[in-house]
Amino acid sequence: MKIAIASDHGGYSLKQELIPYLEGKGHTVLDCGTDSEASVDYIDYAEKGCAQYLAGNADFVILCCGTGVGISIAANKIRGIRCGLCPSVQIAELVKQHNNANAIALGGRTTPPELAKEIVDAYMAAEFMGGRHQLRVDKITSLENRQYSK
Ligand code: RB5
C-alpha cells in the first residue's frame with residue numbers, strides 16, 4: 001500500500017519507528033514530516049499528511065502526535081477526511097469496518113511502538129463493511145457540506 005505519514009514533535013519518535021517497519025513489509029511510505037523533536041503545531045502536519053491522500057498519492061494516512069487527539073481533531077476538519085483515533089487493535093479494526101476511516105491517529109506518548117505496529121496492521125487488514133455503515137458515512141459527508149453560524 002501507499003501510506004502517507006505525518007507527526008508533530010510528540011509523535012516524531014513513533015513515526016520514525018513506523019516508517020522502517022512499514023517499508024520492511026513492502027509498503028511505500030510518504031514521510032510528510034516533521035523531521036525532528038523540535039516543537040511544531042500538529043495542525044500543520046495533519047494537513048500535510050491528509051493533503052497527500054486527497055491528492056491521490058496515498059491509500060490512507062497515519063498521523064501521530066503526543067496523544068493522537070489533537071492531530072485527529074485537526075484532520076477531521078478537512079473535508080473528505082475521516083480520521084479515527086486508535087489506541088487499541090479493536091478500535092483500529094472498527095474504524096475501518098464501520099467508519100471507513102481514511103486516516104488513523106496514534107499517540108506517540110501514550111501508545112507503545114510495538115502496539116502501534118499491531119494497530120496499523122489491524123487497520124490495514126480490516127475491510128469496510130458497507131451497508132448501514134455506508135449510509136452513515138454518507139451522512140458524515142453531507143454534514144461536511146452544511147454551514148452553521150454557531
Ligand atoms: C504537543 O505537546 C501535544 O500537545 C500534541 O502532541 C498532542 O498531544 C495534542 O493533542
Side-chain angles (χ1 to χ4, degrees), residues 1-25 27-55 57-126 128 133 136-137 139-150:
M1 296 186 95
K2 285 196 234 167
I3 304 165
I5 190 166
S7 76
D8 74 351
H9 53 291
Y12 174 73
S13 162
L14 178 57
K15 173 173 73 72
Q16 296 310 108
E17 285 229 24
L18 288 174
I19 290 170
Y21 174 71
L22 292 165
E23 288 177 337
K25 294 189 135 207
H27 301 292
T28 300
V29 183
L30 189 53
D31 184 356
C32 305
T34 187
D35 300 323
S36 76
E37 305 269 3
S39 182
V40 292
D41 297 331
Y42 53 79
I43 301 92
D44 299 325
Y45 290 89
E47 187 173 15
K48 286 175 197 286
C50 293
Q52 292 298 330
Y53 170 81
L54 293 169
N57 298 330
D59 297 309
F60 76 100
V61 189
I62 300 173
L63 299 170
C64 309
C65 69
T67 59
V69 174
I71 206 160
S72 61
I73 291 173
N76 280 314
K77 298 293 181 188
I78 301 171
R79 184 170 294 166
I81 296 297
R82 291 178 303 281
C83 180
L85 173 58
C86 294
S88 73
V89 165
Q90 183 186 21
I91 293 176
E93 289 168 346
L94 285 166
V95 301
K96 185 61 178 290
Q97 291 170 344
H98 288 195
N99 313 116
N100 204 15
N102 46 26
I104 59 171
L106 298 164
R109 295 174 180 156
T110 55
T111 304
E114 292 312 310
L115 175 57
K117 291 171 189 171
E118 288 178 36
I119 286 170
V120 172
D121 285 342
Y123 166 83
M124 287 194 286
F128 180 49
H133 301 295
R136 291 165 185 160
V137 168
K139 276 194 171 183
I140 292 172
T141 302
S142 60
L143 192 59
E144 282 180 333
N145 297 322
R146 263 180 258 156
Q147 298 289 322
Y148 292 94
S149 55
K150 283 192 178 181

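When a ligand or atom number is given, it counts from 1 through the structure's own listing order. All values derive from a computational prediction rather than experimental measurement.
Of the protein's non-hydrogen atoms, the one nearest atom 7 (C) of ligand 1 is C65 SG, 3.4 Å. The protein non-hydrogen atom at the shortest distance from atom 8 (O) of ligand 1 is T67 N, 3.1 Å. Shortest contact from atom 1 (C) of ligand 1 to any protein heavy atom: H9 NE2, 3.5 Å. When only non-hydrogen protein atoms are considered, atom 4 (O) of ligand 1 lies nearest to Y42 CE2, 4.5 Å. Remark: minimum distance from atom 10 (O) of ligand 1 to any protein heavy atom is reached at G70 N, 2.9 Å.
Taking every heavy atom of both residues into account, A116 and L106 meet most closely at CB-CD1, 4.3 Å.
Residues K117 and L18 meet the side-chain proximity criterion, which asks for heavy atoms closer than 4.5 Å.
Geometrically, K15 does not engage Y12 in a cation-pi contact, judged by NZ or CZ lying under 6.0 Å from the ring centre and within 45° of the ring axis.
For N57, the side-chain hydrogen bond (donor to acceptor under 3.5 Å, both in side chains) partners are Q52, not counting sequence neighbours. For K96, the side-chain hydrogen bond (donor to acceptor under 3.5 Å, both in side chains) criterion is met by no residue, not counting sequence neighbours.
Taking distance alone, with nitrogen or oxygen atoms compared against 3.5 Å, I71 stays at or beyond that limit from ligand 1. At under 3.5 Å, a nitrogen or oxygen of G66, whether backbone or side chain, sits near a nitrogen or oxygen of ligand 1.
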